[in-house]
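Reading through the structure tokens given below for one structure.
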Amino acid sequence: MANSKFEYVRQFESHDVLLPQTYIVVRVDGKKFHEFSKFYDFDKPNDIRALKLMNASAKNVVLKYKSDMILAFGESDEYSFILRKDSVLFNRRSDKLATLFGSLFTSNYVALWPKFFTDRPLDLKHLPYFDARCVLYPSLPIVKDYLSWRFVDTHINNLYNTAFWQLVLKCGMTAQESENRLSGTVSSEKQEILFTDCGINYNNEPEIFKKGSLITKKGDIIHVDVIKEIDQLFEGC
């Protein structure tokens, strides 16, 4: 870049550099995806096309930075990318990591959309976009707890959403009636309501719905019980 008398303005720039030798999790979240999914008529309680699109977009991000990646985990409209503690990607600049992961994920989502939603082109007034944040974790046990937290969140949210929407779609309840029916219930009671009222065995629901999606640094997409296999997932890290 050519020098000029105006170059002094660069002195006002500041960059947050993340602490060295800590694990970086870059979490990407859909912005206003409730409105977005409603506009494009996503299937309830889960739209397999949307989930596979999320996975395909995340896989491309993982493969782009695979030398720095441990794994990625996604559910609904979010994805967490876990980077090695010795990663120096973008000199560990928080702003670079967040903006580039968010923009790369978004661009892949838009580019791959026609592959999964063949009959519904994107509307320029209703485009998808994602924000991203960087969170540091000092030790591997805490990283494992983070991943377990997201896995449990997947189960809790999916069980509730499955019960809620099946009561609406299969039993003809209003949204308020369904909410009231589930109010105060624990997981086992929600599963019993699904089975008794809707004829659905929750155990037979697709694994991608119940367990979310995990992408290895090689790009393999799997659906596993993260808590049971947590040590194997981080072997060698």
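Index from 1, following the sequence.
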| message | Could you tell me if Thr185 and Lys190 have a donor-acceptor pair between their side chains, going purely by distance under 3.5 Å? | response |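 The criterion, which ignores hydrogens and geometry beyond distance, is satisfied for Thr185 and Lys190.
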Enclosure of [X] [atom1] (heavy-atom neighbours >12, cutoff 6.0 Å):
X      : atom1 : result
Glu13  : CD    : yes
Lys211 : NZ    : yes
Lys96  : NZ    : no
Lys210 : NZ    : yes
Lys144 : NZ    : yes

Nearest-0.5 Å distance that lies between atom [atom1] in [X] and atom [atom2] in [Y]:
X      : Y      : atom1 : atom2 : result
Leu194 : Asn201 : CG    : CG    : 9.0 Å
Leu112 : Leu53  : CG    : CG    : 6.5 Å
Phe101 : Ile24  : CZ    : CD1   : 8.5 Å
Glu207 : Asp225 : CD    : CG    : 9.0 Å
Ile227 : Leu147 : CD1   : CG    : 9.0 Å
Ile215 : Leu63  : CD1   : CG    : 8.0 Å

Identify the two heavy atoms, one from [X] and one from [Y], that lie closest to each other, and give their separation to 0.1 Å.
X      : Y      : result
Pro128 : Tyr109 : CG-CD2, 3.5 Å
Ala163 : Ser178 : O-OG, 4.3 Å
Lys66  : Lys217 : CB-O, 3.5 Å
Thr22  : Pro138 : CG2-CA, 4.3 Å
Arg49  : Asp47  : NH2-OD2, 2.6 Å
Arg92  : Leu136 : NH2-CD2, 4.2 Å

| request: Start with the C-alpha gap between Tyr202 and Asn158, add the side-chain angles, then the distance that decides, and say whether side chain to side chain donor-acceptor pair (under 3.5 Å) holds. | output: CA-CA 10 Å; Tyr202 185 73; Asn158 186 68; 2.8 Å; yes
| Taking it one step at a time, do Arg133 and Asp29 satisfy salt bridge (charged side-chain N to carboxylate O under 4.0 Å, His left out)? | CA-CA 9 Å; Arg133 75 200 72 177; Asp29 285 291; 3.2 Å; yes
I want to know whether [X] and [Y] have ring centres closer than 6.0 Å.
X      : Y     : value
Phe117 : Phe42 : yes
Tyr79  : Phe81 : yes
Phe90  : Tyr65 : yes

When the ring planes of [X] and [Y] are compared, do they come out parallel, tilted or perpendicular, using 30° and 60° as the limits?
X      : Y      : result
Phe36  : Tyr40  : tilted
Tyr146 : Trp149 : perpendicular
Phe39  : His126 : parallel
Phe130 : Phe33  : tilted

| Under the salt bridge (charged side-chain N to carboxylate O under 4.0 Å, His left out) criterion, do Lys218 and Asp220 qualify, and how do the steps go? | CA-CA 6 Å; Lys218 295 181 179 179; Asp220 297 324; over 6 Å; no
| query | Do the non-hydrogen side-chain atoms of Gln166 and Pro45 ever get within less than 4.5 Å of each other? | reply |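 Yes, their side chains come closer than 4.5 Å.
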| Given side chains that start at C-beta, do those of Ile82 and Tyr137 come closer than 4.5 Å, heavy atoms only? |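 Not in contact.
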| query | Taking it one step at a time, do Lys64 and Leu104 satisfy side chain to side chain contact (heavy atoms under 4.5 Å, CB included)? | reply | CA-CA 10 Å; Lys64 175 75 172 177; Leu104 180 60; 3.9 Å; yes
| field | Option from Thr154, Asn161, Asp153 for which side chain to side chain donor-acceptor pair (under 3.5 Å) with Asn157 holds | value |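 Result: among Thr154, Asn161, Asp153, Asp153 is the only option passing the side chain to side chain donor-acceptor pair (under 3.5 Å) with Asn157.
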| request: Please name the residue in the list Ile70, Val143, Leu71 that meets the side chain to side chain contact (heavy atoms under 4.5 Å, CB included) test with Cys237. | output: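 Running side chain to side chain contact (heavy atoms under 4.5 Å, CB included) over Ile70, Val143, Leu71 with Cys237 returns exactly one hit, Ile70.
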State plainly whether the residues [X] and [Y] are in salt-bridge range, i.e. N to O under 4.0 Å.
X      : Y      : answer
Glu7   : Arg10  : yes
Asp197 : Arg181 : yes
Asp123 : Lys125 : no

Donor-acceptor pair, side chain of [X] and main chain of [Y], under 3.5 angstrom:
X      : Y      : value
Ser87  : Leu83  : no
Asn46  : Ile48  : no
Thr162 : Leu159 : no
Glu177 : Thr174 : yes

| Step-by-step side chain to side chain contact (heavy atoms under 4.5 Å, CB included) determination, Leu182 to Leu167 | CA-CA 10 Å; Leu182 297 173; Leu167 287 173; 4.1 Å; yes
| message | For residues Val152 and Leu233: do they belong to one hydrophobic cluster (side chain heavy atoms under 4.5 Å, members Ile, Leu, Val, Met, Phe, Trp, Tyr)? | response |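 Result: yes, single cluster for both.
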| field | Met54-Val62 co-clustered via ILVMFWY side chain contacts under 4.5 Å | value |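 Yes, one cluster joins them.
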| message | Between Glu179 and Tyr160, does the side chain to side chain contact (heavy atoms under 4.5 Å, CB included) criterion hold? Intermediate values first, please. | response | CA-CA 10 Å; Glu179 183 178 337; Tyr160 180 86; 3.9 Å; yes
| said: Determine whether Leu18 and Leu97 satisfy the following criterion, side chain to side chain contact (heavy atoms under 4.5 Å, CB included), listing intermediate values before the conclusion. | reply: CA-CA 10 Å; Leu18 300 172; Leu97 288 167; 3.8 Å; yes
| request: Report the C-alpha separation of Asp95 and Arg93 in whole Å, then their side-chain angles, then the decisive distance to 0.1 Å, and conclude whether the salt bridge (charged side-chain N to carboxylate O under 4.0 Å, His left out) test is met. | output: CA-CA 6 Å; Asp95 55 348; Arg93 280 177 51 183; 3.2 Å; yes
| request: Evaluate the salt bridge (charged side-chain N to carboxylate O under 4.0 Å, His left out) criterion for residues Asp77 and Lys31: first the C-alpha distance (whole Å), next the side-chain angles of each, then the deciding distance (0.1 Å), finally the verdict. | output: CA-CA 9 Å; Asp77 64 337; Lys31 188 66 174 176; over 6 Å; no
